[in-house]
Trainee: 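Sharing a structure, written as structure tokens. Questions coming.
Please read all numbers here as calculations on a predicted model, not as lab measurements. Below, chains carry the letters A, B, ... as their sequence lines are ordered, and counting in each starts from 1.
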Amino acid sequence: MDIVTFVATMFLVFAATIGFALVVQAPRRGLVITGIIGATSYLPYTLCLSTSKNQYYGIFLATLLVCFMGMLFARIKHIPANILIIPSLVLYFPGQQAYKMMVNLFDMDLHAFISNTAAFAKISLAIYAGFIIVNITFPGLWRYWLQVKSRWTSHQE
Amino acid sequence: MAHSRRKEKLLVARTCLIASQILMENGSEMTRISDTVKYIADTYKPDLIDSYITSSLIIISIKDDEVAGDLPVALIENTSVKSINLNKVEAVNTLSRAYSNHEMNIRELNKALKRVRQANMTSAWQADIGGLVLSLSLTYFLTHDVLAACLAGGLGFLCMYWVDIFHQWLKRPFLGELLVSALITSVVQAIMLVMPLPLDNEIIIGALFPMLPGVQLTTALNDILDGNLISGPQRLLSALLLTFTMGLGSIMALTVWR
């Protein structure tokens with residue numbers, strides 16, 4: 001993938017993230033930040049796809065980055081974290097697989113149904129794992145950062 | 001004096017109830033609702049309020065002998081997720097933060113929350129434009145086909161427009177999504193009578209993307225992660241039912257066309 005195509009794709013992801021933020025009535029002051037987080041999350045996803053050819057690792061790493069950046073900017077900008085995180089994950093939601101699951105079930109295409117159900121479960125697990133890791137580690141990291149910052153500030157004084 | 005203190009504590013409880021109702025009705029996760037109630041209550045007086053929140057019931061109880069006397073005092077309200085509106089979630093967050101920083105008193109907070117609850121902070125055109133942008137960009141991202149992306153974008157706009165109309169008209173969950181997915185599928189099949197569309201499935205999925213329950217799925221995962229084993233699975237089931245309904249609508253339309 002050349003650089004122009006990559007930048008164009010990141011812009012598409014940025015637009016899709018903002019589009020979804022508009023759909024869920026996200027406040028306007030968080031729109032650009034959400035778009036940036038969503039576009040940035042495409043980097044680890046593409047890297048994983050091109051190196052390991054495994055989209056689930058890519059989704060896991062992208063979710064890690066989205067949750068981390070969402071929680072960080074939530075504390076800086078005083079916005080609820082979910083307002084930044086949920087639209088940024090639009091590219092990785094297993095909604096498409098869930099829809100295909102249902103359509104395959106109605107069509108009695110059991111092979112495709114099992115395949116899409118497995119994809120739905122794996123994507124959900126990848127997103128869930130990303131959420132758990134950031135939820136466990138971020139509060140400790142933030143407290144450590146505040147300690148370092150206060151020690152640095154008192155040292156300066 | 002004691003009477004006015006009791007009235008104020010009841011006001012705190014009612015304020016916590018309104019805040020939790022607004023958050024629940026607009027798709028917030030359980031942890032945020034519990035934390036908001038705790039911030040409001042603890043700002044007034046620590047350990048005054050206890051809360052129990054599920055996705056269909058909110059119970060706020062006052063742990064104070066001056067109010068309770070020999071009888072417990074609890075406020076109970078039925079509730080449900082009516083829509084996803086992160087604007088209202090942010091408004092409640094801003095107001096509770098202002099109250100915690102002592103920038104307003106409990107009466108002002110109560111009035112402000114009532115205004116937020118009654119206000120229509122939903123912008124229909126914003127959701128329609130969002131649907132267009134989302135469907136167009138995601139479909140192009142997946143298919144790299146300009147025609148498919150443009151069609152999906154236009155249908156995504158119609159999808160959000162129709163679902164809003166059906167929700168106002170029918171006032172029932174899932175039925176609007178069923179009808180809209182049937183309509184979108186029918187429109188795509190009608191276009192295929194005029195010109196061939198090799199990516200018709202991708203166009204339908206792209207057009208229906210704004211309706212897919214991504215927020216509900218993420219919130220359900222958040223709730224399960226936080227140990228809310230009533231609300232989390234309930235929201236997950238609601239998200240799966242919504243997806244099932246959309247699939248059913250498409251299949252019904254395809255069956256009629258075939």
Trainee: Among Ala8(A), Gly30(A), Gly19(A), which has the most heavy-atom pairs under 4.5 Å with chain B?
Mentor: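 Ranked by contacts with chain B, first place is Gly19(A).
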
Trainee: Counting only heavy atoms from other residues, nucleotides and ligands, does the tally under 6.0 Å from CH2 of Trp145(A) exceed 12?
Mentor: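 Open.
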
Trainee: Taking side chain as everything from C-beta outward and backbone as N, CA, C, O, which of these in Pro210(B) sits under 4.5 Å from a heavy atom of chain A? Side chain, backbone, both or neither.
Mentor: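 Both parts, backbone and side chain.
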
Trainee: Among the options Asp128(B), Val133(B), Leu254(B), pick out the one with the most heavy-atom pairs lying under 4.5 Å from chain A.
Mentor: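 The option with the most such pairs is Val133(B).
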
Trainee: Heavy atoms only, distances under 4.5 angstrom: which of Ser135(B), Ser137(B), Gly131(B) has the most pairs with chain A? Name it, please.
Mentor: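 Most heavy-atom pairs under 4.5 Å with chain A: Ser137(B).
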
Trainee: Do you know which two heavy atoms are closest between Gly130(B) and Leu22(A), and how far apart they sit?
Mentor: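 The pair with the smallest heavy-atom distance is CA-CB, 3.7 Å.
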
Trainee: In a check of side-chain contact (heavy atoms from CB on, under 4.5 Å) between Val24(A) and each of Asn87(B), Asn85(B), Leu86(B), Val89(B), which one passes?
Mentor: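 By the side-chain contact (heavy atoms from CB on, under 4.5 Å) criterion, Val24(A) pairs with just one of Asn87(B), Asn85(B), Leu86(B), Val89(B): Leu86(B).
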
Trainee: With rounding to the nearest 0.5 Å, note down the distance linking CD in Glu29(B) to CG in Asn82(A).
Mentor: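 Atom-to-atom, Glu29(B):CD and Asn82(A):CG are 4.0 Å apart.
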
Trainee: Counting only heavy atoms not in Tyr39(B) (residues, nucleotides, ligands), do more than 12 fall under 6.0 Å from its OH?
Mentor: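 Check fails, neighbour count at 12 or below.
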
Trainee: Side chain, backbone, both or neither: which part of Val13(A) has a non-hydrogen atom closer than 4.5 Å to chain B?
Mentor: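 The side chain, not the backbone.
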
Trainee: OH of Tyr57(A): more than 12 outside heavy atoms within 6.0 angstrom?
Mentor: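 Not buried by this count: 12 neighbours or fewer within 6.0 Å.
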
Trainee: Side chain, backbone, both or neither: which part of Asn135(A) has a non-hydrogen atom closer than 4.5 Å to chain B?
Mentor: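 For Asn135(A), the contact with chain B is made by the side chain alone.
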
Trainee: What's the spacing between Asn26(B) CG and Gln25(A) CD if we round to 0.5 Å?
Mentor: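 Going from CG on Asn26(B) over to CD on Gln25(A), the span is 9.5 Å.
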
Trainee: Check whether Leu208(B) gets within reach of chain A through its side chain, its backbone, both or neither, counting any heavy atom under 4.5 Å.
Mentor: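 For Leu208(B), the contact with chain A is made by the side chain alone.
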
Trainee: Once you round to the nearest 0.5 Å, how far does CD1 of Ile18(A) lie from CD1 of Ile129(B)?
Mentor: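 Going from CD1 on Ile18(A) over to CD1 on Ile129(B), the span is 13.5 Å.
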
Trainee: To the nearest 0.5 Å, how far apart are CD1 in Ile86(A) and CD in Gln216(B)?
Mentor: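 The CD atom of Gln216(B) is 9.0 Å from CD1 of Ile86(A), to the nearest 0.5 Å.
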
Trainee: Starting at CZ of Phe20(A), measure out to CG of Leu212(B) and round the result to the nearest 0.5 Å.
Mentor: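 The distance works out to 8.5 Å.
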
Trainee: Which atoms of Leu142(B) are under 4.5 Å from chain A, going by heavy atoms: the side chain, the backbone, both sets, or neither?
Mentor: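 Just its side chain gets close to chain A.
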
Trainee: Within this structure, what is the CG-CD distance for the pair Leu31(A) and Gln126(B), rounded to the nearest 0.5 Å?
Mentor: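 Here the rounded value is 7.0 Å.
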
Trainee: What residue in Leu91(A), Leu89(A), Ile79(A) has the most heavy-atom pairs under 4.5 Å with chain B?
Mentor: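 Max contact count across the listed options: Leu91(A).
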
Trainee: Pair Phe141(B), Phe11(A) - check ring pair (Phe, Tyr, Trp, His ring centres under 6.0 Å), show working.
Mentor: CA-CA 10 Å; Phe141(B) 177 80; Phe11(A) 178 74; over 10 Å; no

Trainee: For the interface with chain B, which of Pro94(A), Ala15(A), Pro80(A) has the highest count of heavy-atom pairs at distances below 4.5 Å?
Mentor: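 Highest number of heavy-atom pairs under 4.5 Å: Pro80(A).
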
Trainee: If you count heavy-atom pairs within less than 4.5 Å of chain A, which of Lys88(B), Arg32(B), Met160(B) leads?
Mentor: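 Option with the greatest count: Arg32(B).
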
Trainee: Taking everything shown except Arg28(A) itself, do over 12 heavy atoms lie less than 6.0 Å from its CZ?
Mentor: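 Atom CZ in Arg28(A) is not packed in, count stays at 12 or less.
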
Trainee: Considering only heavy atoms, which portion of Leu236(B) lies under 4.5 Å from any heavy atom of chain A: side chain, backbone, both, or neither?
Mentor: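 No part of Leu236(B) comes within 4.5 Å of chain A.
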
Trainee: Among Ile205(B), Thr243(B), Asn201(B), which residue meets the side-chain contact (heavy atoms from CB on, under 4.5 Å) test with Lys100(A)?
Mentor: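 Of Ile205(B), Thr243(B), Asn201(B), side-chain contact (heavy atoms from CB on, under 4.5 Å) with Lys100(A) is met by Ile205(B) alone.
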
Trainee: Using heavy-atom distances under 4.5 Å, tell me whether Ala81(A) contacts chain B through its side chain, its backbone, both, or neither.
Mentor: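 Only the backbone of Ala81(A) comes within 4.5 Å of chain B.
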
Trainee: When you compare the side chain of Leu134(B) with that of Val90(A), does any pair of heavy atoms fall below 4.5 Å?
Mentor: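 They are in side-chain contact.
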
